[in-house]
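Scroll down for the structure; my scribbles are underneath it.
By convention in this document, chain letters (A, B, ...) are assigned in the order of the sequence lines, proteins followed by strands, and residues within each chain are numbered from 1. The basis for the numbers below is simple: all heavy atoms, side chains too, and nothing from hydrogens, waters or symmetry mates.
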Amino acid sequence: MHASSPQGRFATGASLLDGDRLVRADAWGKYLFVNFSGGQTLHVHLGLIGKFRDRGPDPGEPTGAIRLRLRNDGGCWDLSGPTRCELIERHERRTIESHLGADPLRRRPDVASARQRVAGMRTPIGAVLLDQTVIAGLGNIYRAEILFLCGIHPLRPSRALTDDEFAAIWDESGRLLRIGVRTGRIVTTDPGEIGVSRSAMRASDTLYVYHRQHCRRCGSEIETVQLAGRPMQFCPVCQPQ
DNA sequence: AAGAATGTTATGTA
DNA sequence: CTACATAACATTCT
């Protein structure tokens, strides 16, 4: 796999050659790092609208606003709309990673420090779950679904959570993210409860509360609060104050 | 066919 | 600490 930058989005003062081969790619939360044989590290963050598209083995010229193309004999991926797409130095990567909290999908996440941070915050837990410096990797959909599954009201002050409640949040985070990686979409509902296999699920069956009018479990009217600047849905019956 | 919505975050201000 | 306000991105769906 090698990379090219059709519209010159890479940081100045560094270059990625067509011949450089991808050595290793790994992610921490929503940040992707890709090492190339020339020693450079590519850093990509998709932001709200960024997307990698699979263009197959015979992609032709890039169409639209493509910022990066990753290509080898077997296939091709085009990137559009990222908030970050740049070559960085080792120390820059360390700086980014030093601002990131425990990632449930990484090998040795620092759960203890995440627990400690949460224990010291008066901020509502619904807002804290979006804070990437505490737990890295959750977004607006996951935070709503995780608190639903744990039966926790989003406005609970973080420091009021018990150890068991924090453990439940952490466990659900890992479980749901792994399902997401495996299936390529966010599915938080239990196939048994819904009565549909995970693969046969329709879009309206995949979530309990996010962007819903009624709770997928009990049918109650869903409520919305603004937390960390973004709307968050919850079920007032399944998540009592 | 214009306009909204979208799986987000770094940075600056009070 | 905490709490907002803001800008930037590109495609898809109404």
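- Between A:Phe52 and A:Leu32 there is a side-chain heavy-atom pair separated by less than 4.5 Å.
- One finds no side-chain N or O of A:Arg122 lying less than 4.0 angstrom from the OP1 or OP2 phosphate oxygen of C:dC1.
- A straight line from CZ of A:Arg55 to P of C:dT11 spans 11 Å, rounded to a whole angstrom.
- Within 4.0 Å (heavy atoms only), A:His211 reaches sugar-phosphate atoms of the nucleic acid but no base atom.
- Between A:Leu46 atom CG and C:dT11 atom P there is a gap of 14 Å when expressed in whole angstrom units.
- Distance, A:Lys51 NZ to B:dG7 C1': 10 Å, rounded to whole Å.
- Remark: C1' of B:dT6 and CD1 of A:Ile186 are 12 Å apart, rounded to the nearest angstrom.
- At most 12 non-hydrogen atoms from other residues, nucleotides or ligands lie less than 6.0 angstrom from CG of A:Asp58.
- Across all strands shown, B:dG7 has no partner, as no Watson-Crick or G-U wobble contact with both distances under 3.5 Å is found.
- Nucleotides B:dG7 and C:dT6 place their P atoms 22 Å apart, quoted to the nearest Å.
- Distance check on atom C1': C:dT11 versus B:dA1 gives 16 Å, rounded to whole Å.
- In this structure, the NE2 atom of A:His43 is 17 Å from the P atom of C:dC9, given to the nearest Å.
- The nearest whole Å value for the distance from the CH2 atom in A:Trp28 to the P atom in B:dT8 is 20 Å.
- For A:Thr123, the side-chain atoms get nearest to C:dT2 when compared with the rest of C:dT11, C:dT2, C:dC9.
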Quiz item: How far apart are the C-alpha atoms of A:Arg53 and A:Asp78, what are their side-chain angles, what is the distance that settles it, and do they pass the salt bridge (Lys or Arg N to Asp or Glu O under 4.0 Å) test?
Solution: CA-CA 5 Å; A:Arg53 284 183 179 75; A:Asp78 282 345; over 6 Å; no
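- Here C:dT2 is the nucleotide among C:dT11, C:dT2, B:dT8 with the atom lying nearest to any side-chain atom of A:Met121.
- With distances taken from any side-chain atom of A:Tyr142 to the nucleotides B:dG7, B:dT8, C:dT2, the minimum falls on B:dG7.
- A:Arg143 comes within 4.0 angstrom of no nucleic acid atom, judged by non-hydrogen atoms across all strands.
- Using a 4.0 Å heavy-atom cutoff across all strands shown, A:Lys30 reaches sugar-phosphate atoms only and no base atom.
- Listed pair A:Gln132 / B:dT8 fails the phosphate criterion, with no side-chain N or O lying under 4.0 Å from OP1 or OP2.
- Cation-pi geometry between A:Arg216 and A:Tyr208 is not satisfied (NZ or CZ under 6.0 Å from the ring centre, within 45° of the ring normal).
- With both ends at atom C1', the span from B:dT9 to C:dT12 equals 23 Å, rounded to whole Å.
- Atom P of nucleotide B:dT8 and atom CE of A:Met232 are separated by 13 Å, given to the nearest angstrom.
- The shortest distance between side-chain heavy atoms of A:Thr133 and A:Leu100 does not fall below 4.5 Å.
- Between the CD1 atom of A:Ile49 and the C1' atom of C:dC13 there is a distance of 14 Å, given to the nearest Å.
- The side chain of A:Thr83 approaches B:dT8 more closely than any other nucleotide in the set C:dT2, B:dT8, C:dT11.
- The number of heavy atoms from other shown groups lying within 6.0 Å of CZ (A:Arg90) does not exceed 12.
- With distances taken from any side-chain atom of A:Tyr31 to the nucleotides C:dA3, B:dA10, B:dT9, the minimum falls on B:dA10.
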